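Accompanying notes for the structure given below.
A note on names: the letters A, B, ... follow the listed sequences, proteins ahead of strands, and every chain is numbered from 1. Every value quoted in this text rests on a predicted model; they were computed, and no experiment measured them.
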Amino acid sequence: MFDFLEGYDLLGAFWVTVQLTLLSAVGSLVWGTLLAAMRVGPVPLMRGFGTVYVNVVRNIPLTVIILFASLGLSQTLNINLGAQAFDTINFRLAVLGLVAYTSAFVCEAIRSGINTVPVGQAEAARALGLGFTQVLTLVVLPQAFRSVVGPLTNVLIALTKNTTVAAAIGVAEAALLMKKMIENEAELLLISAVFAFGFVCLTLPTGLILGWVGKKVAVKR
Amino acid sequence: MTEVSVAKEDVASSGDLVVLKSVNKHFGALHVLQDIDLTISRGEVVVVIGPSGSGKSTLCRTINRLETIDSGTITIDGRPLPHEGKELARLRADVGMVFQSFNLFAHKTVLENVTLGQVKVRRTDKKKAEERARALLDRVGVGAQADKYPAQLSGGQQQRVAIARALAMDPKVMLFDEPTSALDPEMINEVLEVMQQLARDGMTMIVVTHEMGFARSAANRVVFMADGRIVEQAVPEQFFSNPRSDRAKDFLSKILHH
Ligand SMILES: Nc1ncnc2c1ncn2[C@@H]1O[C@H](COP(=O)(O)OP(=O)(O)OP(=O)(O)O)[C@@H](O)[C@H]1O
Ligand SMILES: [Mg+2]
């Protein structure tokens, strides 16, 4: 029944999906946190930048962002992110695009987490003589993160599925393989089912594990 | 001639710890602090009382610049309050603050609450900071709770931890903004006793409170505020038994007769 799978590197394709997801997740967590810090910070220029960034980026379709990375950065400006091989360039551009896009959502999730931290927490920290960055990194963000594990899980699951957009610039992840198989094989329904199952295998445990983590780290007040 | 002026400076630097000169502050159209002049000497315990909305909290908060002021000057130990950055942070470390709602760091243990400032601001090494933290926690009577989280403590215990957290910075002056107002009645005394001990040990304290017992027994001076102004100041005995202003008489009659 699953003969049609023969000759295709299904696991290899999903492994690329996993790599895209993990690298983009780490990148967007870092950049998204920095954006959130800018948006709550005291420097007007940074606040403005953060606000404009988030509102522009999250309103552009991901496909457009990834195509821009490929056509604009790589092919027009010759920015190839330190890679030579075509595959590596596209993989890195896809990660860049995914990070640029996902970080806008990470930023907003973290910002809503910051809003759940009572102002008294930051005031007590300032009263001790901690500077802005210390107040943020030692007191506010640790509490903010704990309250947004749920929303961040949703962002991560969306990111996992969004990696399929990388197929648009030829990254050999799961969706590209699926397209190839649909063109070559007859079992269309089964092929879709296999790939759907593959994604559920990635996202379902993510949701369950992080759901448990979220409960575990929740701050009691 | 020279000697005289040196002597004068000496008195100023050893005597007056917190000096506010014609301080004004607005919240929009609301003039919350109106030409406040207030001098607090080293070792002095000053109780600030007054009706709700008279600006007591705001006064406290301006002294470590959690609120900015519109005009006037505030100096602490002879140094004017810096505006921003490192200077300001250093000064804040010298001014301990205890809040009505405790504001212990919810994600840190009691011990970590008391070591955080020492390690991150004073750059004390971690082990020394923990020793000092444990000693202070013992002193305020919550040594056994060191490894718990704030949410696991009663209000009275949390407030005593908050006092220990402030003391850990070796502040020159401690500000208390209604430290017992959020507490159940049976816990008020345990906090007041810690404060009384602190006063006896010579700590300079500015305390916003309506606890008349504390004011009578621990304060050197009562400052009465109404509508953003200091209306009257006197030693506690005189203020409570023989207030001069009508505002103070009115206020006292309300809080003493219920
Ligand atoms: N952040 C703020 N923005 C606008 N108005 C404020 C702010 N904080 C305080 N106020 C107003 O300033 C006035 C003085 O407030 P403050 O908290 O200093 O009074 P208080 O004497 O401490 O009162 P209470 O006894 O109720 O604590 C009040 O009218 C209050 O509503
Ligand atoms: Mg108040």
**OP:** Name the option with the most non-hydrogen atom pairs under 4.5 Å to chain B; the candidates are A/Glu123, A/Arg221, A/Arg146, A/Lys220.
**Re:** A/Glu123
Residue part contacting chain A, namely of [X], when any heavy atom lies under 4.5 Å:
| X | answer |
| --- | --- |
| B/Lys108 | side chain |
| B/Phe99 | side chain |
| B/Leu104 | backbone |

**OP:** Take B/Arg122 and B/Asp94 through the salt bridge (charged side-chain N to carboxylate O under 4.0 Å, His left out) test and state the conclusion after the steps.
**Re:** CA-CA 10 Å; B/Arg122 298 284 194 219; B/Asp94 287 342; 3.0 Å; yes
Is any side-chain N of the basic residue among [X] and [Y] closer than 4.0 Å to the acidic one's carboxylate O?
| X | Y | answer |
| --- | --- | --- |
| B/Asp77 | B/Arg42 | yes |
| A/Glu108 | A/Arg111 | yes |
| B/Glu87 | B/Arg90 | yes |

If I measure from the heavy atoms of chain B, does [X] come under 4.5 Å with its side chain, its backbone, both, or neither?
| X | result |
| --- | --- |
| A/Val219 | side chain |
| A/Ala125 | both |
| A/Gln134 | side chain |

Subject >> Worked verdict on B/Thr39 versus B/Asp16 for side-chain hydrogen bond (donor to acceptor under 3.5 Å, both in side chains) >> reply: CA-CA 7 Å; B/Thr39 302; B/Asp16 300 340; 5.3 Å; no
**OP:** Give the intermediate values and the outcome of side-chain contact (heavy atoms from CB on, under 4.5 Å) for residues A/Ile157 and A/Lys161.
**Re:** CA-CA 7 Å; A/Ile157 289 174; A/Lys161 296 183 291 182; 4.0 Å; yes
